[in-house]
Amino acid sequence: NTDEEEVEQAARLLNGGFKNALPVHGLIGCSSSTTTEAVAGVASAMGKPMMSSTASSDALTNRDRFPSFFRTIPSDRDIAQAFVRVCIHFSWTHVGFIHDGAT
């Protein structure tokens with residue numbers, strides 16, 4: 001699904017927009033941090049909790065903007081801090097990072 005499709009599906013779930021469906025009590029999912037931020041903002045405004053196992057954006061730790069958002073993975077900031085701690089612990093001064101180019 002595209003980000004736009006995920007946002008649309010989430011809105012339908014939150015509002016009971018699927019045939020013979022009641023509005024959900026909460027949401028699990030969204031495949032990207034960008035989509036999760038959009039959906040979590042709406043869910044929070046509606047007082048519905050949202051949980052993600054893939055959204056790592058540090059912006060989602062803002063409890064004022066996303067009071068009912070929860071995640072099962074660390075934020076990007078926490079991951080970066082852990083990398084730095086490992087480098088310091090082992091006295092590594094030259095490290096390489098491999099990235100797949102995905103955002």
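As the structure is a prediction and not an experimental result, all values here were calculated from the model.
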Under 3.5 Å donor-acceptor pairs involving side-chain atoms of residues 6-13, not counting sequence neighbours:
unit_1	atom_1	unit_2	atom_2	d
E6	OE1	S31	N	2.9
E6	OE1	S31	OG	3.4
E6	OE2	S31	OG	2.7
Q9	OE1	N1	ND2	3.3
R12	NH2	G17	O	3.3

What donor-acceptor contacts under 3.5 angstrom involve side-chain atoms of residues 23-30, with partners at least two apart or in another chain?
none

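When hydrophobic side chains of Ile, Leu, Val, Met, Phe, Trp and Tyr are connected at separations under 4.5 Å, L22 ends up as a singleton with no cluster partners.
The cluster map of Ile, Leu, Val, Met, Phe, Trp and Tyr, joined by side-chain heavy atoms under 4.5 Å apart, puts F90 and V95 in the same cluster.
With sequence neighbours excluded, no residue forms a ring-ring contact (aromatic ring centres under 6.0 Å, His included) with F18. With sequence neighbours excluded, no residue forms a salt bridge (charged side-chain N to carboxylate O under 4.0 Å, His left out) with D78. For T93, the side-chain contact (heavy atoms from CB on, under 4.5 Å) test picks out no residue, with sequence neighbours left out. Taking the side chain to side chain donor-acceptor pair (under 3.5 Å) definition, one finds that D76 meets it with S56, sequence neighbours left out. By the side chain to side chain donor-acceptor pair (under 3.5 Å) test, S33 pairs with no residue at all, sequence neighbours left out. Residues satisfying the side-chain contact (heavy atoms from CB on, under 4.5 Å) test with T72, not counting sequence neighbours, are M51, S53.
Judged as a ring pair (Phe, Tyr, Trp, His ring centres under 6.0 Å), the pairs with a partner in residues 58-86 (not counting sequence neighbours) are, in order, F83-F97. Identified under the salt bridge (charged side-chain N to carboxylate O under 4.0 Å, His left out) test for residues 32-58, with sequence neighbours left out: D58-R77.
The two atoms that bring S32 and T54 nearest to each other are N-OG1, 4.5 Å, heavy atoms only.
Judged by distance alone, with hydrogens and angles left aside, the side-chain atoms of R71 form a donor-acceptor pair with the main-chain N or O of S57 at under 3.5 Å.
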